[in-house]
There are 2 protein chains.
Amino acid sequence: MGAEYDIRRLDLDRIRAARDVIDPLFLDSPCYPCDALGGALGCSVSVKLETANPVRSFKGRGTELVASRLAEQGTPAVVCASAGNLGLALAWSGRRRGLDVTVVARRLAPAVKLDRMRTAGVRLELVDGDFEAARERAVAIARERGVRLVEDSLDIETCEGAATIGLELVGAVSAGDVVLVALGGGAMATGVGHVLKALAPGVEVVCVQPLGAPAMTLSWRERRVVTTDSMDTIADGVAGRFPIPEVLDDLLRVADDAVLVREASIVAGMRLLLEQAGLVVEPSAALGVAAVLEDPGRFAGRHVVTIICGGNVDLAAYRHWVGG
Amino acid sequence: MGAEYDIRRLDLDRIRAARDVIDPLFLDSPCYPCDALGGALGCSVSVKLETANPVRSFKGRGTELVASRLAEQGTPAVVCASAGNLGLALAWSGRRRGLDVTVVARRLAPAVKLDRMRTAGVRLELVDGDFEAARERAVAIARERGVRLVEDSLDIETCEGAATIGLELVGAVSAGDVVLVALGGGAMATGVGHVLKALAPGVEVVCVQPLGAPAMTLSWRERRVVTTDSMDTIADGVAGRFPIPEVLDDLLRVADDAVLVREASIVAGMRLLLEQAGLVVEPSAALGVAAVLEDPGRFAGRHVVTIICGGNVDLAAYRHWVGG
């Protein structure tokens, strides 16, 4: 078991046990067929809706585990870098357990994410630059202040939390189906992928990342960490340049494919989700639909499940993208 | 039991048993606190989200019972009048049980509801005039063609289905809380109210109807059926002029209050639900928020649960109302 654990970070028993720790508010999210969306996309589409909870993203599943662990250990304070959703979720989970939460975010992060984190009582520190600058600064704060650092996708609790989505998908998919997972740091893709490969091995796990922030996909393709010098995408929730080696190892084990999509497709995906499914989503949550739009033949006639991973979006920007 | 049953149409055991008949896709909808919305309204707000299912409204709960009963009886065809959501839900439930579904709707019903019913394989008959004209025509079709008539709110299955929302709310509310229920024909208000009065008697059940379609509320206040000559509201899902006596009797037993709200408040409610909760809803689903907006003092500091009962809305109209 020890050696096994060293090699495989993700463990089905621990993922199952996670359900007992996570507030039920974040579990058993709706998963339902959306005929209108399927009609527009030429396949049978189900959405797994991770926005109908207090933090409007899937991140609460992981932060419940993180915060619970920290509270058990008597850790009083944590810091993390976040595009917004992790910080919001950590604020929610931390507040209930008396944790002092500091979040480092980009100054140009969506205002709605920054505002909600402030309202949620987060100590917010803003940095210029991209998400990697925020990660650097969070590491520095942890070191300087002796505060516990939470690292999305590296900390196994963030992967195990996301993996509980996979447990809920198992009953909704059959061999030959496709599950589309937004790919950023990799917690969701590896977590969901691990569960599906174990319990529904005939299901294809396709990760989707923006062409404008392709580091993890390039790494998956080359089977080694590939970093990029810059990035340019509206999908702020999945934008990173430095893949984490341990997470790439996990991803190589569980992803059947990793595809890159254009910004225009992400916008078209957001528009379809609004028009055909009545869902206002952030760009990262439209990556799955974007992937179908870019390669309809691959998915034609199949049952495709796309995880709607977050809905925290500035409405002004949303209207600008989607049109009003 | 016989006499009891004559007097009380709604029965807790039958409502509990309904859960075994209804497709789980329509059950256990998300119910979660929305701090941003609560902040804007000056109270603690939870939403019970009935739009995250294949028909995007709560009506599937009732049509599952209706269609299952009809299929058991070997009834091949049904007709109903609908503002759209009942027809959509009956199409969904009927298709799975081989039922031939005819829906009579207003010619001016939201195009999205008409289109989706057509796509769902409904025989659609359109009438000029309001919902009461559609009800008349449905009765005539049933008589002429010998087809089974389904009457929303009168047919007990429609109330029992909606009442399962109440079962799910019981664990989410405490004495002193308020549950806000949109009031149209009365199936949802009586069903949810019946369960709450039985299992959570300290919770206030407040029905909300548009000032522009006030017949049931006026009837509740006068304790006798009051009809109106016309109506004028954007909340098409709850617009009727002829309350059903049996449903009024039930409502008198379970509603703590029935309030009327202005059109401007419904629009403001839709806007708040978009801006603070990321939810695109049809006007009927904003009635609860509208009620809080019109009487903030009544709800200040309390925990308010509002049922988001439907999300089928024409986006062009929505944008016109909410602004873009």
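Predicted model only: the values in this text are computed from it and were never measured. Every chain is numbered from 1, with letters handed out A, B, ... down the list of sequences. Note that these values count all heavy atoms, side chains included, but never hydrogens, waters or copies made by symmetry.
Distance check: B:Tyr32 OH to A:Asp23 CG gives 14.0 Å after rounding to the nearest 0.5 Å. Atom CG in A:Asp28 sits 8.0 Å away from atom CG in B:Asp28 (nearest 0.5 Å). Rounding to the nearest 0.5 Å gives a distance of 10.5 Å between SG of A:Cys34 and CG of B:Asn53.
Here the closest heavy-atom approach between residue B:Arg116 and residue A:Gln276 is recorded as NH2-O, 4.5 Å.
Taking 4.0 Å as the cut-off between side-chain N and carboxylate O, B:Arg95 and A:Asp35 count as a salt-bridged pair.
Contacts with chain A were tallied for B:Cys31, B:Pro54, B:Gly39; B:Pro54 has the most, counting heavy-atom pairs under 4.5 Å. Among the candidates A:Val313, A:Val112, A:Val55, A:Leu274, the residue making the largest number of heavy-atom pairs closer than 4.5 Å to chain B is A:Leu274. Your options are A:Pro33, A:Ala52, A:Ser29, A:Ser46, and the one with the most heavy-atom pairs under 4.5 Å with chain B is A:Ala52.
A 6.0 Å sphere centred on CZ of B:Arg302 holds more than 12 heavy atoms belonging to other residues, nucleotides or ligands.
For chain B, no part of A:Glu282 is nearby; none of its heavy atoms comes within less than 4.5 Å.
Side-chain contact between B:Val280 and A:Leu279: absent, with no pair of heavy atoms (C-beta onward) separated by less than 4.5 Å.
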